[in-house]
Amino acid sequence: MDEHRIRHRAYEIWEQEGRPEGRRAEHWERACRELREEDERAKEDVPEPRDPARASADTGAGI
């Protein structure tokens, strides 16, 4: 996972929580978890590529 993304997300979490001291590791872990979940959701939303041969058959092209 991209360290820059983690750092940015951890910073956002830190700011949202009022910039508390001593919770760096907690914010880092939470950022990792949130970004991992976000990446997994994004993978699920990507449609599978269609087979061009099947697409032709589905539309009746070539008949």
Side-chain angles (χ1 to χ4, degrees):
M1 188 176 305
D2 181 17
E3 186 175 329
H4 178 74
R5 283 180 67 208
I6 299 168
R7 183 179 293 116
H8 181 75
R9 182 63 189 130
Y11 181 81
E12 289 177 335
I13 294 167
W14 176 69
E15 284 194 320
Q16 288 172 357
E17 293 188 358
R19 299 180 176 184
E21 294 294 323
R23 296 181 56 200
R24 178 179 296 173
E26 179 184 333
H27 293 151
W28 187 269
E29 291 301 318
R30 180 175 160 195
C32 287
R33 184 176 58 250
E34 288 180 5
L35 292 172
R36 187 171 32 253
E37 291 170 357
E38 181 180 297
D39 289 347
E40 289 172 7
R41 280 191 306 273
K43 287 179 187 176
E44 292 172 0
D45 292 341
V46 175
E48 291 185 30
R50 289 190 64 166
D51 179 2
R54 184 173 178 152
S56 295
D58 290 345
T59 61
I63 297 177

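Residue indices begin at 1 and follow the sequence shown.
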Handout entry: Joint cluster assignment, Leu35 & Trp28, ILVMFWY side-chain distance < 4.5 Å
Key = yes
Exercise for the section: Step through the shown structure and confirm whether more than 12 heavy atoms of other residues, nucleotides or ligands are within 6.0 Å of CD on Glu15. Expected result: yes
Exercise for the section: Compare every heavy atom of His27 with every heavy atom of Pro20, then report the nearest pair and how far apart it is. Expected result: CG-CE1, 3.8 Å
Practice task
Answer yes when Glu38 and Lys43 have at least one side-chain N-carboxylate O distance shorter than 4.0 Å, and no when they do not.
Solution key: no
Exercise for the section: Using a strict cut-off of less than 4.0 Å between a Lys/Arg side-chain nitrogen and an Asp/Glu carboxylate oxygen, indicate whether Glu29 and Arg33 qualify as a salt bridge. Expected result: no
Problem - Nearest atoms (heavy-atom pairs only) where Ala10 meets Ala31 - result: N-CB, 3.5 Å
Practice task
Output yes when Arg5 and Asp39 qualify as a salt bridge under the 4.0 Å nitrogen-oxygen rule, no when they do not.
Solution key: yes
Fill in the blank from the handout: By side-chain hydrogen bond (donor to acceptor under 3.5 Å, both in side chains), Gln16 pairs with (sequence neighbours left out) none
Problem - Approximate separation, where rounding is to 0.5 Å, of Tyr11 OH and Arg24 CZ - result: 12.5 Å
Problem - Residues which pass salt bridge (Lys or Arg N to Asp or Glu O under 4.0 Å) with Arg36, listed by chain and number, not counting sequence neighbours - result: none
Practice task
Anything under 30° is parallel, anything over 60° is perpendicular, the rest tilted; go ahead and classify His8 against His4.
Solution key: parallel
Exercise for the section: Considering only NZ, NE, NH1 and NH2 on the basic side and carboxylate oxygens on the acidic side, decide whether Glu34 and Arg30 come within less than 4.0 Å. Expected result: yes
